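Accompanying notes for the structure given below.
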Amino acid sequence: MDISLLGIPLEAGNSVPGTLMGPAALRTAGIAAMLTGLGHEVRDYGDVVAAAPADLSGQLPTCRNPGEIKAWTEAIHDRGLDVLRAGGVPIFMGGDHALSMGTVAAVSRHCRETGRDLAVLWLDAHADFNTPDTTPSGNMHGMPLAFLTGEPSLAGLLAGRDLVTLAPEAIHIFGLRSIDLDERMRLDEHGIDCIDMRAIDENGVSNLLRELLAKLDPERAHLHVSLDVDFIDPSLAPAVGTTVPGGATYREAHLIMEMLHDSGLVGSVDIVELNPFLDERGKSARLMAELAASLFGRTVLDRRPRPTA
């Protein structure tokens, strides 16, 4: 398989400095070597560089750094679309989760061009469905799904580009355990598929993920996986500014990646919110690189179909 790496050193979407070092940490952790060792062809496209920020403080007064996010969203969209059109499966290495405004917008547009049906698996402790009116923090890394589903107040972040909005039924949030009150109401109103940690505890990740994947058409689906470090329990991956206890275990996270690989549906990936400044001797960066390897085929043993009786 051809795999494309694209770094997105973005930290303007959150209030904890350090995520701009995320792409470098993943490279240092050996993500390219792990993937190459599996037989894949890996090309590193370097890092996205944003233009000078616009002044959007008057339009989005409740948001942090809206002008910077606009500049980054446009740059990420344009560069991401170029990488997608070049072929292969891109891994967008972040950077805070606001980068998905640009990456998923590029993937959605590319899917329309290629006749594919986009589905998004959002592996995250948070729903990221806030708007400028509902956000308690003003941090725009909590707004990408609202933007991607066409929230009017955020439309100016990709002005002049063709935003192909996500249908609510195309979004699957997996691993939720922290949702703001107004955000919860918006999720209900839009009918977003949300699987929280209680559902995972009661039913197991394999059953829930298998059910989700079975709904996708293998002939037409392009599955975009957006993996936030805070999806993992912070005891395993502390390098994130939005830690929430009770996240996915080491084996749950790897099992999800292995099942996604087996599905053959994954067409693009985000790895977001990695903040090396908060890490412990690089263990979070190594774990995220290892999860990427599992997503692209690394297993303990080769899995063969069991013979039927």
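Hydrogens, waters and symmetry mates are skipped; everything else that's a heavy atom, side chains included, is used. Since this is a predicted model, take the numbers as computed values, not measurements.
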Minimal non-hydrogen separation, [X] against [Y], with atom names:
X: Asp230; Y: Ala125; answer: OD1-N, 3.0 Å
X: Leu236; Y: Ala248; answer: CD1-O, 4.0 Å
X: His172; Y: Asp193; answer: ND1-OD2, 2.8 Å
X: Val48; Y: Ala75; answer: CG1-CB, 3.9 Å
X: Ile192; Y: Ile171; answer: CG2-CG2, 4.0 Å
X: Gly267; Y: Val89; answer: O-CG1, 3.5 Å

Is it the case that more than 12 heavy atoms not belonging to [X] sit under 6.0 Å from its [atom1] atom?
X: Tyr45; atom1: OH; answer: yes
X: Glu41; atom1: CD; answer: no
X: Glu202; atom1: CD; answer: yes
X: Arg85; atom1: CZ; answer: yes

Checking [X] side chain against [Y] main chain: does a donor-acceptor pair fall under 3.5 Å?
X: Asp279; Y: Arg281; value: no
X: Thr134; Y: Asn130; value: no
X: Arg220; Y: Gly115; value: yes
X: Lys70; Y: Pro53; value: no
X: Glu189; Y: Arg186; value: no
X: Ser284; Y: Ala239; value: yes
X: Arg109; Y: Leu81; value: no
X: Asp196; Y: Ala199; value: yes
X: Glu252; Y: Thr249; value: yes
X: Ser108; Y: Ala105; value: no

Any side-chain heavy atom of [X] within less than 4.5 Å of one from [Y]?
X: Leu295; Y: Ile256; value: no
X: Arg64; Y: Ser15; value: yes
X: Ser206; Y: Met259; value: yes
X: Thr242; Y: Val229; value: no
X: Leu287; Y: His254; value: yes
X: Leu6; Y: Pro90; value: no
X: Val49; Y: Asp47; value: no
X: Asp96; Y: Val272; value: no

(request) Examine Arg298 relative to Phe296 and say whether NZ or CZ is less than 6.0 Å from the centre of the six-membered ring and inside a 45° cone about the ring axis. (result)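 Here Arg298 fails the 6.0 Å and 45° test against Phe296.
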Any Lys/Arg nitrogen of [X] or [Y] sitting under 4.0 Å from an Asp/Glu carboxylate oxygen of the other?
X: Arg177; Y: Asp124; value: no
X: Lys215; Y: Glu169; value: no
X: Arg79; Y: Glu74; value: no

(request) Determine, using ring centers only, whether His224 and Trp122 are less than 6.0 Å apart. (result)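 For Trp122 and His224, the ring centres are not under 6.0 Å apart.
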Check whether the side chains of [X] and [Y] place a donor and an acceptor atom closer than 3.5 Å, and report yes or no.
X: His97; Y: Ser226; answer: yes
X: Asn14; Y: Asn139; answer: no
X: Ser268; Y: His222; answer: yes
X: Asn275; Y: Thr19; answer: no
X: Asp128; Y: His141; answer: no
X: Thr131; Y: Asp133; answer: no

(message) side chain to side chain contact (heavy atoms under 4.5 Å, CB included), that's the test. Do Leu5 and Leu26 meet it? Break it down for me.
(response) CA-CA 10 Å; Leu5 302 179; Leu26 287 168; over 6 Å; no
Looking at [atom1] of [X] and [atom2] of [Y], how far apart are the two atoms once the value is rounded to the nearest 0.5 Å?
X: Ser4; Y: Arg43; atom1: OG; atom2: CZ; answer: 7.5 Å
X: Leu163; Y: Leu148; atom1: CG; atom2: CG; answer: 7.0 Å
X: Thr299; Y: Met257; atom1: OG1; atom2: CE; answer: 15.0 Å
X: Met143; Y: Leu157; atom1: CE; atom2: CG; answer: 9.5 Å
X: Asp270; Y: Ile91; atom1: CG; atom2: CD1; answer: 10.5 Å
X: Thr62; Y: Met140; atom1: OG1; atom2: CE; answer: 8.5 Å

(request) Please report the C-alpha distance between Phe174 and Ile200 in whole Å, then the side-chain angles of each, then the deciding distance to 0.1 Å, and finally whether the side chain to side chain contact (heavy atoms under 4.5 Å, CB included) criterion is met. (result) CA-CA 9 Å; Phe174 202 92; Ile200 290 174; 3.5 Å; yes
(message) Could you walk me through whether Val240 and Val16 satisfy the side chain to side chain contact (heavy atoms under 4.5 Å, CB included) test, starting with their C-alpha distance in whole Å, then the side-chain angles of each, then the deciding distance to 0.1 Å, before giving a yes or no?
(response) CA-CA 9 Å; Val240 63; Val16 181; over 6 Å; no
Test of understanding: clusters of I, L, V, M, F, W, Y form through side-chain heavy atoms closer than 4.5 Å, transitively. Do [X] and [Y] belong to the same one?
X: Leu265; Y: Leu255; value: yes
X: Met197; Y: Leu187; value: no
X: Leu227; Y: Ile8; value: no
X: Trp72; Y: Leu274; value: no
X: Leu123; Y: Leu216; value: yes

(message) So, using side chain to side chain contact (heavy atoms under 4.5 Å, CB included) as the criterion, who are the partners of Ala12 when residues are at least two apart?
(response)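 Ala12 satisfies side chain to side chain contact (heavy atoms under 4.5 Å, CB included) with Leu10, Asn65, Glu68, Ile69 only.
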(request) Name all residues meeting the side chain to side chain contact (heavy atoms under 4.5 Å, CB included) criterion together with Glu280; count only those two or more places apart in sequence or in a different chain, and write none if there are none. (result)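 Counting only residues at least two positions away or on another chain, Glu280 forms a side chain to side chain contact (heavy atoms under 4.5 Å, CB included) with Pro238, Lys283.
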(request) Test side-chain hydrogen bond (donor to acceptor under 3.5 Å, both in side chains) on His40 and Asp2 and set out the steps. (result) CA-CA 6 Å; His40 303 300; Asp2 292 334; over 6 Å; no
(message) Using side chain to side chain contact (heavy atoms under 4.5 Å, CB included), reason through His190 and Phe129 one step at a time and then give a plain yes or no.
(response) CA-CA 10 Å; His190 286 77; Phe129 206 60; 3.7 Å; yes
